[in-house]
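Please read these numbers as outputs of a predicted model, since none were measured by experiment. Each chain gets a letter, A, B and so on, in the order its sequence line appears, and its residues count up from 1.
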Number of protein chains: 2
Amino acid sequence: MEQEQILKTYNLTDDEHRLSEMMKALGHPARMQIIRYLTDHPQCITGDIVDVLPLAQATVSQHLKVLRDAGLICGTIEGTATCYCLCSESVDWFKAQIGDLF
Amino acid sequence: MEQEQILKTYNLTDDEHRLSEMMKALGHPARMQIIRYLTDHPQCITGDIVDVLPLAQATVSQHLKVLRDAGLICGTIEGTATCYCLCSESVDWFKAQIGDLF
DNA sequence: TCCTTTTATCGTAAAATTACGATTATGGAA
DNA sequence: TTCCATAATCGTAATTTTACGATAAAAGGA
């Protein structure tokens, strides 16, 4: 479903929709584990995360994409590897929105 | 997938799993709208929520169940209606966990 | 009792997500 | 250049979620 369609159908603000997308991204155990790993290991490459998760490389890559699309993490290409870290700006925004919501 | 299996497979703590379940519940625009409505209207019945959402009664009831199962809301039967409200205890726990996670 | 109101649940079709192997693309080393 | 390492993407099967109409259940009024 298109974002514009969701906003119209469900009568959400842009912020509420973005927040919901972040929640959805965090609402899977594998992605929760990735986030926890990144908080514990501020700089790491895809391979490190693949080693920790009980999933195939392709699946982990797919989960990383979901987290990237939600804006929660960002990956910078370093040679042949990709270095991932939490996007602190988004995390701060997320926390602020939670405070507003409830 | 069973909860026990998820904990084992993904190597999450009970708290992390519960948090992930709450995130998942909030990760749908309809349920986000329900939560927002409940914060704006602390006491209301199912029918009020059905009137606000662009979804069939059965679908709304299903979404309410997801939020109930996640512990985010609770419904008390009042005669022939059900009165819903946010579970402030769970909301507080949720906010605290977010603070811990990041 | 019988009807109405209210809401949950059932059954099910359609859509989305998840997981994996295979493939592709890119950068660096030999 | 050729090979290897790293990681993203493709194609696809299996599972889960979402949405709805129909049905059930329970309380209250006529």
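- Each of B:T82 and A:A58 has a nearest nucleotide on DNA chain C; the 5'-most of these lies closest to B:T82.
- Residues from residues 11-43 of chain B placing a heavy atom under 4.0 Å of any atom in DNA chain D, listed by number, are B:K24, B:H28, B:R31.
- Atom CD1 in B:I73 sits roughly 13 Å away from atom C1' in C:dT7 (whole-Å rounding).
- Atom-to-atom distance recorded for A:T39:OG1 and A:I34:CD1 is 12.0 Å, nearest 0.5 angstrom.
- A chain of hydrophobic side-chain contacts below 4.5 Å, direct or via other Ile, Leu, Val, Met, Phe, Trp or Tyr residues, connects A:V50 to A:L64.
- Atoms CD (A:Q62) and C1' (C:dA22) sit 14 Å apart, rounded to a whole Å.
- A nucleotide of DNA chain D counts as in contact with chain B when one of its atoms lies under 4.0 Å from a heavy atom; the first and last such, 5' to 3', are D:dT16 to D:dA27.
- If you measure from atom CD of A:E78 to atom P of C:dG28, you get 11 Å, rounded to the nearest angstrom.
- Regarding A:L55, its CG atom lies at a distance of 13 Å from the C1' atom of C:dT17, rounded to whole Å.
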**Report entry** Stepwise side chain to side chain contact (heavy atoms under 4.5 Å, CB included) check, B:Y84 with B:L67
**Finding:** CA-CA 11 Å; B:Y84 277 102; B:L67 290 169; over 6 Å; no

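- Note on B:S61: a base of the nucleic acid sits closer than 4.0 angstrom, heavy atoms only.
- Nucleic acid contact for B:T59: base, since at least one base atom lies under 4.0 Å from a heavy atom of the residue.
- Taking atom CD of A:Q57 as the reference point, atom P of C:dT23 lies 14 Å away to the nearest angstrom.
- Judged by distance alone, the side chain of A:T9 and the main-chain N or O of A:Q5 form a donor-acceptor pair under 3.5 Å.
- The side chain to side chain donor-acceptor pair (under 3.5 Å) check on A:T13 picks up A:E16, with sequence neighbours excluded.
- Remark: side-chain polar atoms of B:D48 are paired, donor with acceptor, to backbone N or O of B:I45 under 3.5 angstrom.
- Of the side-chain N and O atoms in B:T80, none sit less than 4.0 angstrom from OP1 or OP2 of C:dT6.
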Requested in this report: Determine, stepwise, if the pair A:S90 / A:R18 fulfils side chain to side chain contact (heavy atoms under 4.5 Å, CB included).
Outcome: CA-CA 10 Å; A:S90 290; A:R18 187 180 167 205; 3.4 Å; yes

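- Within the 6.0 Å centre-distance limit, the rings of A:Y10 and B:H28 are counted as a close aromatic pair.
- Among the heavy atoms of the strands, none lies under 4.0 Å from B:I77.
- A salt bridge links A:K65 with A:D69: the closest approach of a Lys/Arg side-chain nitrogen to an acidic carboxylate oxygen falls below 4.0 angstrom.
- Mapped onto DNA chain C by nearest heavy atom, A:P54 and A:M1 fall at different nucleotides, with A:M1 at the one closer to the 5' end.
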